Amino acid sequence: QAQLTESGGGSVQAGGSLRLSCAAPESTSSRRCMIWFRQAPGKEREGVAAIYTADGSANFADSVKGRFTISQDNAKNTVYLQMNSLKPEDTGMYYCAAGQSWANCRWPPLTERSYNAWGQGTQVTVSS
């Protein structure tokens with residue numbers, strides 16, 4: 001299966017911003033849904049934001065609404081997660097995944113096995 005490549009993670013202070021990128025080996029439009037998950041130490045992986053590639057509509061976890069945005073650049077086969085007003089509880093490994101169905105973008109997200117491509121993750125650390 002094709003792999004995705006995340007980048008843009010790092011360490012920031014609370015209130016700061018980061019932009020994560022997820023690059024796909026082919027057009028993101030070939031996948032109905034692109035989604036970001038995150039996993040904090042000792043916690044289960046959770047959905048953060050998803051974008052339906054056909055029309056750019058998006059869903060977000062309640063914890064990030066108003067602070068995070070998700071967007072796509074079809075020319076670059078890349079999806080972005082803009083994270084503003086970061087909080088220490090946003091700390092974790094952020095993963096990009098892709099799904100072939102519009103259902104992959106519904107909220108809450110489907111189980112992880114429903115997404116057929118994953119990246120290796122990028123670490124985000126927010127200090128207080």
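Since the model is a prediction, treat every value here as computed from it, not as a measurement.
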- Item | Separation between OG of S127 and CD of Q13, rounded to the nearest 0.5 Å | 5.0 Å
- Task: Answer whether the closest heavy-atom distance between the side chains of P109 and I35 falls below 4.5 Å.
- Result: yes
- Taken to the nearest 0.5 Å, the spacing of N77 CG from M34 CE works out to 9.0 Å
- Message: To the nearest 0.5 Å, what is the distance between SG on C96 and CD1 on I70?
- Response: 7.5 Å
- Message: Using modelled atom types and a 3.5 Å cut-off, is there a donor and acceptor pairing between side-chain atoms of S63 and backbone atoms of A61?
- Response: no
- Message: If the threshold is 4.0 Å, N to carboxylate O, is there a salt bridge linking D62 and K65?
- Response: yes
- Item | Between CZ on residue R106 and OG on residue S114, distance to nearest 0.5 Å | 8.0 Å
- Query: Between W118 and F37, is the gap from one ring center to the other below 6.0 Å?
  - Reply: yes
- Taking the side chain as every heavy atom from C-beta outward, state whether Q100 and N116 have any pair of such atoms under 4.5 Å apart. yes
- Short side-chain to backbone donor-acceptor contact, T91 and V126, under 3.5 Å: yes
- Are more than 12 heavy atoms from other residues, nucleotides or ligands located less than 6.0 Å from atom CD of Q120? no
- Just by modelled atom types, is the R31 backbone N or O under 3.5 Å from a matching donor or acceptor in the T53 side chain? yes
- Does atom CH2 of W107 have more than 12 heavy-atom neighbours from other groups under 6.0 Å away? yes
- Transitively linked via ILVMFWY side-chain contacts under 4.5 Å: Y80 with L18? no
- Decide yes or no for L20 and T122: does some side-chain heavy atom of the first lie under 4.5 Å from some side-chain heavy atom of the second? yes
- Answer yes if Y52 and L4 sit in the same cluster of Ile, Leu, Val, Met, Phe, Trp and Tyr residues linked by side chain heavy atoms under 4.5 Å apart, and no otherwise. no
- Query: Are Y95 and C22 close enough that some pair of their side-chain heavy atoms sits under 4.5 Å apart?
  - Reply: no
- Message: I'd like to know whether V48 forms a side-chain contact (heavy atoms from CB on, under 4.5 Å) with F68, so could you lay out the CA-CA distance, the side-chain angles of the two residues, the decisive distance to 0.1 Å, and finally the verdict.
- Response: CA-CA 9 Å; V48 177; F68 290 14; 3.6 Å; yes
- Item | Check: M93 main-chain N/O paired with Q39 side-chain donor or acceptor under 3.5 Å | no
- Item | Side-chain touch Q72/T78, heavy atoms, less than 4.5 angstrom | no
- List the steps, then state whether side chain to side chain donor-acceptor pair (under 3.5 Å) holds for R38 with Y94. CA-CA 4 Å; R38 68 185 179 190; Y94 283 68; 2.9 Å; yes
- Query: Would you call W36 and I51 a side-chain contact if the rule is heavy atoms closer than 4.5 Å?
  - Reply: no
- Is the closest side-chain donor-acceptor distance between N84 and S17 under 3.5 Å? yes
- Item | Gap separating the CE atom of M83 from the CG atom of L81, nearest 0.5 angstrom | 5.5 Å
